[in-house]
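Data block below; observations after.
FYI, side chains are in, hydrogens and waters are out, and symmetry mates aren't considered; it's all heavy atoms of this structure. From a predicted model like this one, the values you see are computed outputs, not experimental measurements. Order of listing sets the numbers, starting from 1, for every ligand and every atom in it.
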Amino acid sequence: MAGRLEGKKALITAAAQGIGRASAEAFVREGAEVIATDINMDALGALKDQPGVTLRKLDVLDGDAVKEAAGQIGAVDALFNCAGFVHHGTLLDTTDEDWDFSFNLNVKAMFRMCRAFLPAMLENGGGSIINMSSVSSSLKGIPTRCVYGASKAAVLGLTKSISADYLKQGIRCNAVCPGTVQSPSLDGRINAFDDPVQARKDFIARQPLGRLGTAEEIAAMVLYLASDESAYTTGQFFVVDGGILN
Ligand SMILES: NC(=O)c1ccc[n+]([C@@H]2O[C@H](COP(=O)([O-])OP(=O)(O)OC[C@H]3O[C@@H](n4cnc5c(N)ncnc54)[C@H](O)[C@@H]3O)[C@@H](O)[C@H]2O)c1
């Protein structure tokens with residue numbers, strides 16, 4: 001099927017690599033006009049030749065920049081809040097600074113993005129917000145994911161709240177919960193172990209399907225939620241996890 005997002009305008013955060021980039025590419029293939037944003041403009045440049053893509057530097061931790069972007073861009077039909085950070089550690093490994101950084105990036109920035117873009121979406125008659133959570137959240141306790149899991153659980157609460165408050169005004173809000181997905185930051189996490197070869201094996205071993213997910217497999221779900229095919233779906237979370245929650 002082609003043209004699933006024809007005529008739609010979408011904004012994606014953290015679009016320079018991983019799931020965000022794969023989602024930008026999928027949205028473009030299906031006819032959307034895409035505003036691809038990230039803090040890493042060099043990596044974001046990989047999308048420059050995609051038709052219908054505008055590249056924009058946006059640090060989602062910068063509240064003023066978020067407001068300015070919303071003011072300049074106006075209404076979007078789909079907002080994919082993908083930016084997030086995986087902190088590695090148990091509760092006793094987690095400092096106040098780690099906690100605040102993860103909650104600021106994984107939750108508060110998402111709250112601010114939604115708050116900034118929602119008024120124009122409402123004025124425009126509605127739209128779809130897709131929030132990046134994780135299977136490591138209130139759905140499942142995963143070792144060494146203390147603040148990550150807590151922050152991604154908060155994403156589910158935020159998602160349900162937005163859905164409940166604005167569904168009558170045409171806003172749908174859903175969350176995506178991936179398992180372990182091959183991405184540059186996963187490579188970074190693996191390489192930080194003393195034995196990266198064993199660490200990769202361990203990451204794969206926690207996936208019952210016996211392999212890591214691909215960014216494209218998560219983007220397929222994000223695309224569905226951005227499209228009108230999911231018009232009757234809001235306030236839900238969608239697990240794409242290689243069978244972890246089986
Ligand atoms: N990879 C996985 O296994 C996995 C699993 C579940 C959920 N997730 C979530 O998916 C999202 C993307 O992860 P990924 O692994 O696909 O990509 P990634 O972590 O490799 O890339 C993240 C991108 O976010 C950008 N970024 C960082 N801080 C930013 C900021 N302040 N403002 C804007 N952009 C910023 C980076 O420049 C980078 O391009 C994250 O929210 C992550 O928690 C990933």
Side-chain angles (χ1 to χ4, degrees), residues 11-26 35-47 55-66 68-69 79-88 100-113 116 130-140 142 144-145 147-156 158-159 175-192 199-200 202-204 206-207 209 211-222 237-242 244-245:
L11 185 138
I12 301 177
T13 68
Q17 63 187 38
I19 298 165
R21 187 200 289 189
S23 300
E25 289 166 348
I35 300 136
T37 72
D38 204 287
I39 45 174
N40 184 344
M41 290 309 284
D42 285 346
L44 197 59
L47 289 170
L55 307 182
R56 181 180 179 119
K57 184 163 188 176
L58 179 59
D59 179 351
V60 295
L61 288 170
D62 181 342
D64 290 336
V66 166
E68 189 184 55
L79 172 64
F80 176 29
N81 290 307
C82 184
F85 172 72
V86 184
H87 176 263
H88 177 92
D100 290 344
F101 180 79
S102 289
F103 267 82
N104 280 339
L105 181 52
N106 296 358
V107 192
K108 187 173 183 182
M110 185 179 280
F111 148 71
R112 283 176 165 163
M113 283 294 294
I130 303 120
N131 290 333
M132 180 53 84
S133 179
S134 169
V135 73
S136 173
S137 59
S138 48
L139 305 179
K140 171 119 182 127
I142 303 252
T144 67
R145 289 291 176 267
V147 65
Y148 182 69
S151 64
K152 292 296 188 179
V155 168
L156 299 182
L158 175 65
T159 299
V176 178
C177 302
T180 314
V181 175
Q182 176 55 44
S183 73
S185 71
L186 179 70
D187 287 340
R189 288 193 291 285
I190 286 173
N191 289 332
R200 182 170 290 278
D202 293 343
F203 272 109
I204 292 171
R206 68 181 201 189
Q207 299 298 129
L209 274 181
R211 66 170 176 84
L212 300 177
T214 67
E216 290 72 22
E217 286 168 322
I218 312 305
M221 180 60 79
V222 178
F237 52 85
F238 291 83
V239 176
V240 188
D241 72 343
I244 291 181
L245 290 190

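Proximity annotation for atom 30 (C) of ligand 1: of Thr13, Asp59, Asp187, Asp59 comes nearest, heavy atoms only. When the options Asn104, Val176, Thr180, Leu58 are ranked by their closest heavy atom to atom 33 (C) of ligand 1, first place goes to Leu58. Comparing Gly188, Cys82, Ala14, Ser183 against atom 15 (O) of ligand 1, the shortest heavy-atom distance belongs to Ser183. In this structure, of Val240, Val60, Leu61, the residue bringing a heavy atom nearest to atom 32 (N) of ligand 1 is Val60. Counting only non-hydrogen atoms, the option in Leu186, Val181, Val66, Asp38 that gets closest to atom 39 (O) of ligand 1 is Asp38.
Using a 4.0 angstrom heavy-atom cutoff, Arg21 does not count as in contact with ligand 1. Judged by the shortest distance from any of its heavy atoms, Pro184 lies inside the 4.0 Å radius around the atoms of ligand 1. Under a 4.0 angstrom heavy-atom cut-off, Gly20 registers as lying outside contact with ligand 1.
Of all atoms in ligand 1, listed by their number and element, those nearer than 4.0 Å to a heavy atom of Ala83 are 41 (O). For ligand 1 and Ser133, the ligand atoms under 4.0 Å from any heavy atom of the residue are 7 (C). Remark: ligand 1 atoms within the under-4.0 Å shell around heavy atoms of Asn40 are 37 (O). Those atoms of ligand 1 that come under 4.0 Å of a heavy atom in Gly18, given as number and element, are 16 (O). Residue Ala16 approaches ligand 1 through these ligand atoms, each under 4.0 Å from one of its heavy atoms: 39 (O). The atoms of ligand 1 that sit less than 4.0 Å from any heavy atom of Pro178 are 5 (C), 6 (C), 7 (C). For ligand 1, the atoms closer than 4.0 angstrom to any heavy atom of Leu105 are 31 (N).
Annotation: side chain of Val60 is in contact with side chain of Leu105 (closest heavy-atom distance under 4.5 Å). Considering only heavy atoms from C-beta on, Ser133 stays 4.5 Å or farther from Thr159 through its side chain. The shortest distance between side-chain heavy atoms of Ser137 and Val155 does not fall below 4.5 Å. Annotation: side chain of Phe101 is in contact with side chain of Leu61 (closest heavy-atom distance under 4.5 Å). Proximity of Arg200 to Gln182: side-chain heavy atoms (C-beta onward) are separated by under 4.5 Å at one or more points.
In this structure, atom 13 (O) of ligand 1 lies nearest to the protein heavy atom Ile19 CD1, 4.5 Å. Here the heavy atom of the protein found nearest to atom 35 (C) of ligand 1 is Ile39 CG1, 3.6 Å. The protein heavy atom nearest to atom 21 (O) of ligand 1 is Gln17 NE2, 3.2 Å. The protein non-hydrogen atom at the shortest distance from atom 4 (C) of ligand 1 is Gly179 O, 4.0 Å. What sits closest to atom 7 (C) of ligand 1 on the protein, heavy atoms only, is Tyr148 OH, 3.2 Å. The nearest heavy-atom contact from the protein to atom 19 (O) of ligand 1 is Ser185 OG, 2.6 Å.
Here Leu44 has no heavy atoms under 4.0 Å from ligand 1, in either its backbone or its side chain. Residue contacts with ligand 1 for Ala43 are absent, since no atom lies close enough (heavy atoms, distance under 4.0 Å). When heavy-atom distances to ligand 1 are checked against a 4.0 Å cut-off, Gln182 has no atom that comes that close, whether in backbone or side chain.
If you take CD1 on Ile130 and CG on Asn81, they are separated by 9.0 Å, rounding to the nearest 0.5 Å. For the atom pair OG (Ser134) and NZ (Lys140), the distance works out to 12.0 Å, reported to the nearest 0.5 Å.
Remark: Ser151 engages Asn106 in a side chain to side chain donor-acceptor pair (under 3.5 Å) (not counting sequence neighbours). Listed by chain and residue number, nothing satisfies the side chain to side chain donor-acceptor pair (under 3.5 Å) test with Gln17 (two or more places apart in sequence, or in another chain).
Thr13 contributes a side-chain N or O that, together with a main-chain N or O of Cys82, makes up a donor-acceptor pair within less than 3.5 Å. Put simply, the side chain of Ser23 never gets that close to the backbone of Ala219: no donor and acceptor are under 3.5 Å apart. Between the side chain of Gln207 and the backbone N or O of Asp241, at least one donor-acceptor pair lies under 3.5 Å. Under the 3.5 Å distance criterion, the side-chain polar atoms of Thr37 are matched with a main-chain donor or acceptor of Ile12. Here the side chain of Arg21 pairs a donor or acceptor atom with the backbone of Ala16 at under 3.5 angstrom.
His87 and Arg145 share no side-chain donor-acceptor pair at under 3.5 Å.
Between Met132 and ligand 1, no N or O atom pair is found at a separation short of 3.5 Å. Checked against a 3.5 angstrom limit, the closest N/O atoms of Ser134 and ligand 1 fall outside it. Note: an N/O pair closer than 3.5 Å links Gly84 and ligand 1 by distance alone.
For Phe238, the CZ atom is densely surrounded, since the number of other residues' heavy atoms within 6.0 Å is greater than 12.
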